[in-house]
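Bear in mind the structure is a predicted one, so any value in this text is a computation, not a measurement.
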Amino acid sequence: MTERLEGSAVLRCSGCGAPLQTEDPAGIGYIPMLKEEGAQICRRCFRIKNYNEVASVAVNQDEFLRMLGQIGDRKALVIHIVDLFDFEGSVITGLQRFVGSNPVILAVNKIDLLPKVTNWNKVRNWVQKQSKELGLKTEEIILCSAKKNIGFDRLLQEVADRRGDRDVYVVGATNVGKSTLINRLITDYSDLDEELTVSRYPGTTLDMVNIPLDDGHYIVDTPGIVYPSRYTELVTPGDLVKIMPEKPLKPAVYQLNEGQTLFIGGLARFDFIAGEHQSFTFYTSGTLKLHRTKLGRADELYAEHVGEMLTPPSREHMEDLPAWTRHEFRVPKGGAQDLFISGLGWIRANGQSGAKVAVHAPKGVKVIMRGSLV
């Protein structure tokens with residue numbers, strides 16, 4: 001492939017970091033014509049940026065881990081960005097073994113999705129508790145919103161205070177807002193005009209992208225880690241738009257008797273198997289419709305209406321998803337608990353008397369019970 005001009009170094013896409021080439025229109029980094037100088041973006045990034053289109057690109061997971069592993073050998077300040085809506089699904093497990101002794105700032109993005117009446121001190125305490133349980137070692141936790149520019153001044157101040165003579169590495173899973181954060185850092189720390197490609201689609205950044213700073217150091221954007229345990233990695237681009245909330249969540253509260261079921265579109269199912277009459281609150285995208293039925297009719301309803309009344313997914317995309325797995329939980333007495341479905345949201349059990357419940361979701365999607373976030 002043509003990755004370089006005569007006598008020059010490898011030219012890379014300023015959007016995704018892929019080496020630019022002119023020979024394979026279906027390959028990564030394709031551009032119809034290379035310029036000798038100046039920022040250039042590949043055709044894939046051009047289409048994402050201008051038309052919100054996406055092309056399916058497979059990037060080797062081992063290559064992701066190899067690139068992350070380089071951080072531990074360098075003097076770095078690491079910003080680990082996670083999605084508050086999908087906290088357990090977007091955390092990079094085992095991050096410490098990749099970054100070594102380098103300091104880590106945990107940037108918890110998308111706080112704008114929580115209701116405006118949220119107690120942020122309780123959210124911070126919840127993040128600290130969950131982080132400790134997951135083995136994350138952080139210098140600081142910053143609650144922020146890349147979309148609404150909330151908390152970024154504090155994050156930038158933390159970077160300024162802790163960076164010293166280190167390069168700044170930004171790491172995160174796909175769809176957590178990493179490129180939006182990088183673009184804000186470019187604005188504050190660099191004179192560069194180009195921005196990274198920002199997209200809701202997985203795998204937008206395909207290689208490490210080095211943004212030079214005025215002091216000779218770099219901001220380094222790393223590829224997003226793809227976790228198949230997240231619903232966002234399983235659905236089509238059209239359905240991805242529907243499950244990823246763009247506006248603050250509007251909790252839907254249901255008073256349920258035992259023996260009742262609620263479907264989250266055709267993507268997941270919640271069964272209240274046994275317990276006293278109590279309420280359950282659903283925190284999912286407002287574009288997803290919830291359907292209540294009797295537990296005894298749930299299988300029949302799903303078989304008859306999935307892809308039609310129970311949608312997304314559409315019927316033609318049903319075969320793209322793995323078969324469902326049933327996860328049964330016993331909600332303890334006292335204290336609210338969440339039934340978390342990675343990438344799709346969560347269901348809060350509000351009762352004090354305990355309950356026996358089950359969640360059905362595609363095989364491999366992370367489904368856990370946790371202490372209540374809200």
Side-chain angles (χ1 to χ4, degrees), residues 82-91 93 106 108 110-111 113-136 138 141 143 229-231 245 248-264 267-286 288 290-296 298 324-361 365-374:
V82 297
D83 181 349
L84 185 58
F85 181 71
D86 189 15
F87 187 84
E88 287 82 1
S90 60
V91 163
T93 54
L106 184 66
V108 184
K110 302 188 184 180
I111 65 169
L113 295 181
L114 294 188
K116 294 182 179 179
V117 295
T118 299
N119 184 318
W120 296 112
N121 286 330
K122 288 185 178 180
V123 171
R124 181 180 300 278
N125 291 338
W126 182 91
V127 171
Q128 289 175 336
K129 180 176 181 294
Q130 297 301 106
S131 298
K132 185 176 181 179
E133 291 179 359
L134 293 170
L136 297 180
T138 59
I141 294 173
L143 303 181
S229 58
R230 306 171 69 203
Y231 228 127
L249 299 170
K250 295 182 178 180
V253 182
Y254 284 81
Q255 300 289 335
L256 298 180
N257 295 314
E258 63 179 18
Q260 289 188 301
T261 287
L262 269 99
F263 284 95
I264 303 173
L267 297 171
R269 163 181 154 185
F270 171 75
D271 297 338
F272 180 19
I273 301 169
E276 296 180 4
H277 176 84
Q278 59 190 276
S279 70
F280 296 88
T281 306
F282 289 71
Y283 291 85
T284 57
S285 172
L288 295 175
L290 305 179
H291 298 271
R292 175 161 39 182
T293 189
K294 293 180 180 179
L295 178 56
W324 280 6
T325 295
R326 182 178 181 273
H327 305 263
E328 186 173 301
F329 301 94
R330 289 190 176 273
V331 180
K333 293 182 179 180
Q337 298 284 311
D338 290 341
L339 288 312
F340 167 80
I341 308 169
S342 182
L344 194 62
W346 65 93
I347 305 148
R348 188 178 68 196
N350 303 312
Q352 298 293 307
S353 58
K356 181 180 178 181
V357 301
V359 174
H360 303 247
V365 170
K366 179 177 289 186
V367 178
I368 63 171
M369 184 168 67
R370 67 184 189 188
S372 181
L373 167 59
V374 181

Heavy atoms only: give me the nearest [X]-[Y] pair and the separation to one decimal.
X    : Y    : answer
S229 : S342 : O-CB, 3.4 Å
G354 : Q278 : O-NE2, 3.1 Å
S131 : F87  : OG-CZ, 3.8 Å
P251 : Y283 : CG-CE2, 3.4 Å
V91  : L134 : CG2-CD1, 4.1 Å
G345 : T284 : CA-CG2, 4.4 Å

Would E328 and I273 count as a side-chain contact (heavy atoms from CB on, under 4.5 Å) if you check the C-alpha gap in whole Å, the side-chain angles of each, and the deciding distance to 0.1 Å?
CA-CA 9 Å; E328 186 173 301; I273 301 169; 4.1 Å; yes

Counting heavy atoms not belonging to R326, are there more than 12 under 6.0 Å from its CZ?
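Check passes, neighbour count above 12.
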
With sequence neighbours excluded, residues passing salt bridge (Lys or Arg N to Asp or Glu O under 4.0 Å) with [X]:
X    : value
E276 : none
K132 : none
K333 : none

Listed partners of F282 passing ring-ring contact (aromatic ring centres under 6.0 Å, His included), at least two apart:
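Y254, F270.
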
Which residues pass the ring-ring contact (aromatic ring centres under 6.0 Å, His included) test with F272, sequence neighbours left out?
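Partners of F272 under the ring-ring contact (aromatic ring centres under 6.0 Å, His included) test: F280.
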
Hey, is the main chain of [Y] close enough, under 3.5 Å, to the side chain of [X] for a donor-acceptor pair?
X    : Y    : result
R124 : I141 : yes
N350 : S279 : yes
D83  : K110 : no

Side-chain heavy atoms of [X] within contact of [Y], under 4.5 Å:
X    : Y    : result
H291 : T293 : no
R348 : V253 : no
V127 : L106 : yes
V357 : M369 : no
I347 : L262 : no
L84  : L113 : no
Y231 : D86  : no
L344 : L288 : yes

With sequence neighbours excluded, residues passing side-chain hydrogen bond (donor to acceptor under 3.5 Å, both in side chains) with S90
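For S90, no residue satisfies side-chain hydrogen bond (donor to acceptor under 3.5 Å, both in side chains) once neighbours in sequence are set aside.
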
With the threshold set at 4.0 Å, does a side-chain nitrogen-carboxylate oxygen contact exist between R370 and E88?
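Looking at E88 together with R370, the answer is yes, because their closest N to O distance falls below 4.0 Å.
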
Roughly how far, to the nearest 0.5 Å, is the CD1 atom of I368 from the NE2 atom of H327?
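Here the rounded value is 11.0 Å.
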
